[in-house]
> 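A single structure is presented below for examination.
Each chain gets a letter, A, B and so on, in the order its sequence line appears, and its residues count up from 1.
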Amino acid sequence: MENREIARLLSETADLMEIAAEDPFRIRSYRNAATVIEGYPESVAEMVRDPARKVTDIPGIGKGLAAVLEEIQARGSFERRDEMLAKYPPTALELLKIQGLGPKSIARLWEHYRVSTIDDLERVCREEKLRLLPRMGAKLEEKVLRSIAYYRQGAGRFTLNFASEVVEELTAYLGAESVSVAGSYRRGKETVGDIDLLVTGEGAETALERFVAHPRVGEVLGKGRNKASARIGLEGLQVDVRALPAESLGAALQYFTGSKEHNVALRQRALRLGYTLNEYGLFRMAGETLVAAASEEEIYAALGLDWIPPELRENQGEIEAAGEHRLPDLVQLAQVRGDLHMHTRESDGRATLEEMAEAARALGYEYIAITDHSKSLAMANGLDERRAVDFAARVREANRQGLGIHVFSGLECDIRRDGSMDLTDDALAELDFVVASVHSYMSLESVEMTDRLLRALENPHVRAIGHPTGRVLLHREAFSFDFERVAAAAAKRGVLFEINASPERLDLDAPLIRQAKALGARFAISTDAHHPKHLANMRFGVSMARRGWLEAADIVNTLPLDRFRVLCGI
DNA sequence: ACCCGGTGGGGTGAAAGCTCATAAGCTTT
């Protein structure tokens, strides 16, 4: 079993234990163990099997959890988990994703009404029975119903951190001469519903057999000669694998990459030009002569178009632009030279300044900004004025000593309800790069939120607005405000929009990026890393930027260090 | 549960504010 799956068993059990109101410190130990195991460089399952190794050498794993890991390795579950599952249905975990409900409420709902699924929950709300329970009322019923509706929109979709692991693992595993990923994953969409893989060449036919035999494949939904579908992992992400001849890979890739809207428009164009386009190729209609199929470039060229990068294929003007040879020269990951939003142990990050700097240096960056939280986010141990100023001095000293990369002292400063900054201007003036972010009062009316953000933009020390809409994918909607006014003001004041590359956020999204660019805004793509490995999430942010039609010139952290310093005056 | 440090037991990751309902539970990273 993979580390990630072990971690999942532990953290799900911790959730159930919370519903059962067990000892909070024990619960924390399970959660901590899950985090440590997920990030552990070796296979924990193999360590359990190897008599020469001791899992208790892993920090956070003691006698109790070592026994749990033994049991997981032996039979895929463990006693406490079974006990919890006997007490509460496994679907109760899903209820934790509904905003407004926590472990106590879920326990009560189960005890009083045997509510165990989202459908049950919806019924209880509609029948106005939730309000009869202690500490619950009519308002909560409304809130829960709204949250259910939002949750259902995202049901069955997955964020890119998980999807990318599956793609990378299967690509290596299938063993065909070529494996290409298509679908919304290839278009860089922020969440995916399934994964489409195309295999060709040597080993393509046996790849389907290998696929359904993969140890993490659960339910096989179908398997024929050319296609196999299955759900993978405990999460149940659907993967479709298609085997096809290399001669028609381009047509298949074009077709299965989509989007549907792009393909419809492309086929209409083909018809106008006397062709027909399908997943096997582009054909001249009379006589059905094959015109192009092996590569996407040939197909687009035959239709009089430049090759369109997958991220743009949404039928949002890209076909017209390709016909007029004015597609943007989209930003690429390799052009990124720095990362301007990350955390260390100073607040809620996991690593030190030096460790983050070293990881960034290893990625080939020239500079980073360390931006820990400010004091309002007490939960994250945010910095007050004094600590922020001391930290800036520490960063200056670290740069003098030399880190192999330039580090800017920064802060992710809370934007308070009235739009003022959480720290004084004097303190902010000591820092090189201040990102201002909203972390509270997210449900303000649009007018108040707009005024709040406009005021934040007025602060002379603010360089960027962090995760500007506050959305958390599959969990929380963007808060409402007048984006056009805020973007226009940001452009005027030279404040950057962050494109937050964390796969949980990906904020701004593509339509807002395009809108902001049209209003003259500039951008920073930043990972918001809380751990050195999170720096690698930059690629997801670059995908969003590309979906927003951005070029390197739109993004400040593609600038070399000296030019970036001049731009920011630091 | 773990860890430390000691062979018995104490400490553990940080608080503020909102909502709904009237004391507690949830949210925020």
> In Å, rounded to the nearest 0.5 Å, how long is the span from OG of A:S526 to CE of A:M342?
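It is 8.0 Å, given to the nearest 0.5 Å.
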> When we call it a touch if two heavy atoms are under 4.0 Å apart, what does A:H343 touch: a base, just sugar-phosphate, or nothing?
nothing
> Give A:P134 one of three labels, base, sugar-phosphate or nothing, depending on what nucleic acid heavy atoms sit under 4.0 Å from its own.
nothing
> Can you check the A:M442 CE to B:dT19 P distance for me, whole Å?
14 Å
> Would A:F158 and A:Y185 satisfy ring-ring contact (aromatic ring centres under 6.0 Å, His included), going step by step from the backbone distance to the final call?
CA-CA 10 Å; A:F158 297 85; A:Y185 185 86; over 10 Å; no
> Checking one value: the base orientation of B:dT7, syn if chi is within 90 degrees of 0, otherwise anti.
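Nucleotide B:dT7 adopts anti.
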> Select base, sugar-phosphate, or nothing to describe what A:R350 touches, counting heavy atoms under 4.0 Å on all strands.
nothing
> Return one dot-bracket line describing DNA chain B 5' to 3' (Watson-Crick or G-U wobble pairs, both distances under 3.5 Å; ( ) same strand, [ ] crossing, | another strand, . none).
((((....))))..(((((....))))).
> Rounded to the nearest 0.5 Å, how far apart are CD1 of A:I37 and CG of A:L65?
7.0 Å
> Among B:dC2, B:dT29, B:dC18, which nucleotide sits nearest the side chain of A:R417?
B:dC18
> Base, sugar-phosphate, or nothing for A:H475, non-hydrogen atoms under 4.0 angstrom?
sugar-phosphate
> When the nearest nucleotide of DNA chain B is assigned to A:A66 and to A:K139 on a heavy-atom basis, which residue is associated with the more 5' position?
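The 5'-side residue here is A:A66.
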> Looking at A:E448 and A:R417, does any basic side-chain N land under 4.0 Å from a carboxylate oxygen?
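Looking at A:E448 and A:R417, the cut-off is met.
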> By nearest atom, which of the nucleotides B:dT29, B:dG25, B:dA1 is closest to the A:R135 side chain?
B:dG25
> Which residue pairs pass the ring-ring contact (aromatic ring centres under 6.0 Å, His included) test with at least one member in residues 20-43 of chain A, sequence neighbours excluded?
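Of all non-adjacent pairs touching residues 20-43 of chain A, none passes ring-ring contact (aromatic ring centres under 6.0 Å, His included).
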> Which residues within residues 109-129 of chain A lie with some heavy atom under 4.0 Å of an atom in DNA chain B?
none
> Look at A:R81 together with A:E71 and state whether they make a salt bridge at an N to O cut-off of under 4.0 Å.
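No, no charged N to carboxylate O under 4.0 Å.
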> CG of A:N500 versus P of B:dT29: gap in Å, rounded?
11 Å
> What I want to check is whether the side chains of A:N557 and A:D339 have a donor and an acceptor closer together than 3.5 Å.
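The criterion, which ignores hydrogens and geometry beyond distance, is not satisfied for A:D339 and A:N557.
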> P atom, B:dA23 versus B:dG13: distance in rounded Å?
33 Å
> Which part of the nucleic acid, if any, lies within contact of A:P59, taking any heavy atom under 4.0 Å across all strands shown: a base, the sugar-phosphate backbone alone, or nothing?
sugar-phosphate
> Side-chain N or O of A:Y441 versus OP1/OP2 of B:dG17: is the shortest distance under 4.0 Å?
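No, because none of the side-chain N or O atoms of A:Y441 sits under 4.0 Å from OP1 or OP2 of B:dG17.
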> How many whole angstroms separate atom NE2 of A:H439 from atom C1' of B:dG17?
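To the nearest whole Å, that distance equals 16 Å.
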> To the nearest Å, give me how far apart CD1 (A:I106) and C1' (B:dT27) are.
14 Å
> Considering every strand and a 4.0 Å limit on heavy-atom distances, what is the contact class for A:S443: base, sugar-phosphate, or nothing?
nothing
> Can you tell me if A:F25 is stacked onto the base of B:dT12, using a 5.5 Å centroid cut-off and an angle below 30°?
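Yes; centroid distance and tilt both under limits.
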> Answer with base, sugar-phosphate or nothing: what part of the nucleic acid does A:R505 contact at a heavy-atom distance below 4.0 Å?
sugar-phosphate
> Determine the Euclidean distance between corresponding P atoms of B:dC20 and B:dT28; express it in Å to zero decimal places.
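B:dT28 and B:dC20 have their P atoms separated by 14 Å.
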> Which one, B:dA1, B:dT12, B:dT29, comes nearest to the side chain of A:R28?
B:dT12
> Under 4.0 Å, heavy atoms only, any strand: does A:I61 hit a base, just the sugar-phosphate, or nothing?
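Sugar-phosphate, no base atom in range.
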> Just call it for A:K63: base, sugar-phosphate, or nothing, with non-hydrogen atoms closer than 4.0 Å on any strand.
sugar-phosphate
> Scan side-chain atoms only and decide if A:Q73 and A:R49 contain a donor-acceptor pair under the 3.5 Å cut-off.
yes
> What integer distance in Å separates A:R131:CZ from B:dT19:C1'?
16 Å
> Any chance CD of A:E397 has more than 12 other-residue heavy atoms, nucleotides or ligands included, within less than 6.0 Å?
yes
> A:R476 side chain: which of B:dA1, B:dT28, B:dC18 is closest?
B:dT28
> Say we look at B:dG11 and B:dT22: how far apart would their C1' atoms be, to the nearest angstrom?
34 Å
> Expressed in whole Å, how much space separates the P atoms belonging to B:dC4 and B:dA16?
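Pairwise P distance, B:dC4 against B:dA16, rounds to 29 Å.
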> Touch check for A:A138, heavy atoms < 4.0 angstrom, all strands: base, sugar-phosphate only, or nothing?
sugar-phosphate
> On DNA chain B, compare the nucleotides closest to A:D348 and A:G64; which residue's is nearer the 5' end?
A:G64
> Between the side chains of A:D426 and A:T424, does any donor sit under 3.5 Å from an acceptor?
no
> What's A:R31 touching, base or sugar-phosphate or nothing? Going by heavy atoms closer than 4.0 Å.
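A:R31: no heavy atom of the nucleic acid under 4.0 Å.
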> Whole-Å distance between B:dC18 P and A:Q99 CD?
17 Å
> What interatomic distance, in whole Å, is found between C1' of B:dG17 and the corresponding atom of B:dT7?
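Approximately 45 Å lies between the C1' atom of B:dT7 and that of B:dG17.
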> Is the phosphate of B:dC26, meaning OP1 or OP2, less than 4.0 Å from a side-chain N or O of A:S105?
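Yes, such a contact exists.
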> In this structure, how many angstroms lie between the C1' atom of B:dA1 and the CD atom of A:E22, rounded?
11 Å
> I'd like to know if the side chain of A:T450 pairs up with that of A:D482 as donor and acceptor (distance under 3.5 Å, no hydrogens or angles considered).
no
> So, does A:R80 get its side chain near the phosphate of B:dA1, meaning an N or O under 4.0 Å from OP1 or OP2?
yes
> Compute both the distance and the angle, then confirm whether A:R108 meets the cation-pi test with A:W110: under 6.0 Å from the six-membered ring centre, within 45 degrees of the axis.
no
> Check this for me, if you would: do A:D432 and A:R396 make a salt bridge, where the nitrogen-to-carboxylate-oxygen distance has to be below 4.0 angstrom?
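No, no charged N to carboxylate O under 4.0 Å.
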> What is the separation between atom CD on A:E18 and atom P on B:dG25, rounded to the nearest whole Å?
12 Å
